[in-house]
4 protein chains.
Amino acid sequence: MNRSSTSPAERLVPVTPRGQRTRLKVLQAAERVFGEKGYERASIADITREAEVALGTFYVYFPDKLSVFVEVVDELGARLRRLISEAVAGCESRLEVEREGLRTFFQFVGENRNLYRIVRQAEFVDEACYRRYYDRFARGYVSGLERAMDAGEVRRMDPEALAYCLMGLSDFLGMRWVLWQGEGGLEHVLDTAMDFIRHGMDAHPAEAGSGNKKGPRKPRAPRSKTR
Amino acid sequence: MNRSSTSPAERLVPVTPRGQRTRLKVLQAAERVFGEKGYERASIADITREAEVALGTFYVYFPDKLSVFVEVVDELGARLRRLISEAVAGCESRLEVEREGLRTFFQFVGENRNLYRIVRQAEFVDEACYRRYYDRFARGYVSGLERAMDAGEVRRMDPEALAYCLMGLSDFLGMRWVLWQGEGGLEHVLDTAMDFIRHGMDAHPAEAGSGNKKGPRKPRAPRSKTR
Amino acid sequence: MNRSSTSPAERLVPVTPRGQRTRLKVLQAAERVFGEKGYERASIADITREAEVALGTFYVYFPDKLSVFVEVVDELGARLRRLISEAVAGCESRLEVEREGLRTFFQFVGENRNLYRIVRQAEFVDEACYRRYYDRFARGYVSGLERAMDAGEVRRMDPEALAYCLMGLSDFLGMRWVLWQGEGGLEHVLDTAMDFIRHGMDAHPAEAGSGNKKGPRKPRAPRSKTR
Amino acid sequence: MNRSSTSPAERLVPVTPRGQRTRLKVLQAAERVFGEKGYERASIADITREAEVALGTFYVYFPDKLSVFVEVVDELGARLRRLISEAVAGCESRLEVEREGLRTFFQFVGENRNLYRIVRQAEFVDEACYRRYYDRFARGYVSGLERAMDAGEVRRMDPEALAYCLMGLSDFLGMRWVLWQGEGGLEHVLDTAMDFIRHGMDAHPAEAGSGNKKGPRKPRAPRSKTR
DNA sequence: CATGAATGAGATTTCATTCAT
DNA sequence: AATGAATGAAATCTCATTCAT
């Protein structure tokens, strides 16, 4: 109600190295705990237990539960974006960029299985931080796509919509085959995704746009069932 | 021990019409409340207040909080799937199916803005119910795609991976342009998505596969079975 | 921070007699506990323990600690005012009113030794409720005094200032001789107070108004410095 | 055990000038903070922040929170008593003493609006220190009044009771017209108070004691309006 | 002298669930 | 069928105080 005059963030930044270490321990513990239990089910006590500090220590470095969470999400997003941009730095074509980006993302998801749980929780916990997460990704994506379009590497289309298509696609594949551990191996899924990304789903790209309509449509043989 | 044959959670299904009405009121109230506040923040009291029944009444029809939630999620998924399958029933081509499905999904999201909040919460609340939600979607998707592949309408590729690509893409577009209300209008985004889905992002679909630069690239070869 | 949409006072008023009894038990326990320990030192647990109900029961009837406190203060003030006005109902002169009022007040203080602790705490806990307490007293006092002035029973002067003089005087006497239990007995103090109230402190009321100024004023020696 | 002769609360009195300055800064900060937030709501951190020293520094000069508070109260009382006794030093009559004392008190209250909050909190925090505050005031008052009674300036009555009457009266007037800022101006209230103090509230002090009853009641002229 | 990190007991408040009516 | 009172475990957050530097 009041908490009035007291400055909001009394002492957030530790000045001594000891304090810095402690803060980091708490932050990392928070990432683990939020990932395992989700925001609501994770208690501050869980976090400090995991960090091996006293309960009160948490409040020396963070004003409340929400703050650590937001910091965890922002930091996680920044880490992933940095990793991806490093991974695609040497790519020559846009397709290569997509494949490398996807691969890096999958690998990150595999190594940080909490990513989904944490980011998705953000939707309810602090929508601003949730949007920020995707906005920042999209921003990077859009500028890369625009460059590729200018270079004639990618067909002209709304780059933001395209970016969200690609992000959604990655997200769901990661969920299904990295998180839920589908059989079939990642590389295979990666191939499929790239195939989709490259051609789209039209069977006859050459006469693209033929889309649905008639057309003698070469029978192209029975190519038996997949599974 | 005594109560002979009755299952542990007795009194779930109301017998009188009055009871049925009450149960439904509670269930619908739960959907609204979960959508607005999220699972954890929604209290049983919130739900019964919204349903305009007494607190105790809740436990007449549901054994616990989790149960209503699961029922809400399952019901929501079923509703959406039914709607989509009705919408695409008359479509002639697979592309038409995709467009109609997407459009229906967007419309549903617009009218049930809680959908995302509810479904995504499920990830932490009851993972089984969360997976079930996507599994069932995917199942329908896969069989539709396989049929289209058999008919030569869609290029052969792993249908489940493709299904998840398409679901992810829809999910993110819905989030971005229906939930967050981007400018540009839905139809435009729909067009972009369909464009992407149709051609893929290759600038020169005619010589598809050229991907990056030149190279005659083996003429499409046997591309063996997917798993 | 949020508590947003939920109505503030979910269920304050009990509908069943059982609930009414419980609420009253809690309210009375709160009065005792606040009186003994003061607002800040009194915990909700203290109150419910005293009331012999479970901790959570408190929150069934009161939204928070502050609310009970305010209710206790208001109720206490109302009780005292009612008592006093009943006590002076039959008085014939204003002086009699004063004496009876004072006596009733002292008696009340003796029987409700928490009164001071509770009311004075209010100054820090909820200033509005503190002022309200004295305002209401003063209001009654003022109208009584005005009537007495109109009747020529009391010398004309600012009635509100006079009311506060009399209230302050009562308050401090009650504190010193009822609460702190001075020797000399209450009646004696009452007499002194009434003597003061009646004549004022001037030794020679006959030549009242001589105030300080001149005046033959029996030389009565050098009247040395006061402290 | 070891530290030989040092009293339990060592390190209370600073030896260096620097230490003395620091101690004073903390003490004054404490007065401000206690005045603004009250004892319980004021934290040591608030005090040290206000004093612009580190948290630990507090415990260099004070053994605990209670100690500073008591020192603040005692010091405040001493300051006020000193001020008043200086102000009335030159007064010739007891009435003049009263008027000057009251005026000085009001002025002090206006300049130290925390006075009430601090002193009254003392009632719950440390009753001894609270009583001491009023006892000391009363002591000085009593001896002054006794002298005035001996000199025939003031009618004989229980001097301690009279002292508490006058203190209560001052206290409430100060609260109402200095703290709560009534209209009408201080001087006017001062006049009313002095009028009351001088004559008492009997309309016909000359025949004092007639109290209520009839009696020819000397018309005593137009008794002009007070406001 | 001065600092600020660390502690953990304790306070308020919420809420799923049970039960008597 | 429906009600609403009652419960108590658990969670968040505060803060006086200690201690190593």
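Chain letters run A, B, ... following the sequence lines, proteins first and then strands; every chain starts at 1.
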Using OP1 and OP2 only, check whether a side-chain N or O of [X] sits under 4.0 Å from [N].
X: T16(D); N: dC1(E); result: yes
X: Y59(B); N: dC19(E); result: no
X: T22(A); N: dA6(E); result: yes

Salt bridge present between E123(B) and R120(A) (N-O < 4.0 angstrom):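 Yes.
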
Pairing of E127(B) and R132(B) as salt bridge, 4.0 angstrom limit: no

Gap between atom NZ of K25(D) and atom OG1 of T57(D) - 0.5 Å precision: 8.5 Å

Expressed as a whole number of angstroms, how long is the span from [X]:[atom1] to [N]:[atom2]?
X: Y61(C); N: dG4(F); atom1: OH; atom2: P; answer: 12 Å
X: K65(D); N: dT14(F); atom1: NZ; atom2: P; answer: 14 Å
X: K37(C); N: dT12(E); atom1: NZ; atom2: P; answer: 10 Å
X: R23(C); N: dA6(F); atom1: CZ; atom2: P; answer: 12 Å
X: Q20(C); N: dA6(F); atom1: CD; atom2: C1'; answer: 16 Å
X: R21(A); N: dA6(E); atom1: CZ; atom2: P; answer: 9 Å
X: D64(B); N: dA16(E); atom1: CG; atom2: C1'; answer: 9 Å
X: K25(A); N: dA5(E); atom1: NZ; atom2: P; answer: 14 Å

Check: D46(B) and R49(B) side chains under 4.5 Å, non-hydrogen atoms: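 The answer is yes, as the side chains (C-beta and beyond) meet within the 4.5 Å cut-off.
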
Secondary-structure notation, DNA chain F, from Watson-Crick and G-U pairs under 3.5 angstrom (| other strand): .||||||||||||||||||||

Residue pair F69(D) / V125(D): nearest heavy atoms and the distance that separates them: CD2-CG1, 3.7 Å

By salt bridge (charged side-chain N to carboxylate O under 4.0 Å, His left out) - contacts of R41(C) (at least two apart):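 If we apply the salt bridge (charged side-chain N to carboxylate O under 4.0 Å, His left out) test to R41(C), skipping adjacent residues, the hits are E40(D).
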
Whichever of R18(B) and R18(A) has its nearest DNA chain F nucleotide further upstream toward 5':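 Checking each residue's closest nucleotide, the 5'-ward one belongs to R18(B).
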
Under 3.5 Å: donor-acceptor pair, side chain of D126(C), backbone of C129(C): yes

Verdict with reasoning, V68(C) to F58(C), per side chain to side chain contact (heavy atoms under 4.5 Å, CB included): CA-CA 9 Å; V68(C) 231; F58(C) 177 90; 3.1 Å; yes

Pairs satisfying ring-ring contact (aromatic ring centres under 6.0 Å, His included), at least one member in residues 113-133 of chain D, at least two apart: Y130(D)-Y134(D), Y133(D)-F137(D)

DNA chain F contacts among residues 39-47 of chain A, heavy-atom distance under 4.0 Å: A42(A), S43(A), I44(A)

What pairs of donor and acceptor atoms, side-chain ones from residues 26-36 of chain A against any protein atom, are under 3.5 angstrom apart with sequence neighbours left out?
residue	atom	partner	partner atom	Å
E31(A)	OE1	R79(A)	NH1	3.4
E31(A)	OE2	R79(A)	NH2	3.2
R32(A)	NE	E50(A)	OE2	2.6
R32(A)	NH2	E50(A)	OE2	3.2

Crowding at CD, Q20(C) (>12 non-hydrogen neighbours, <6.0 Å):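 Enclosed: over 12 neighbouring heavy atoms sit under 6.0 Å from CD of Q20(C).
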
CD (E52(C)) with more than 12 external heavy atoms under 6.0 Å: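 Atom CD in E52(C) is not crowded, with 12 or fewer foreign heavy atoms closer than 6.0 Å.
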
Nucleotides 7-10 of chain F: which of its N/O atoms have a protein N/O under 3.5 Å away?
residue	atom	partner	partner atom	Å
dT7(F)	OP2	A54(C)	N	2.9
dT7(F)	OP2	T57(C)	OG1	2.6
dG8(F)	N7	G56(C)	N	3.1

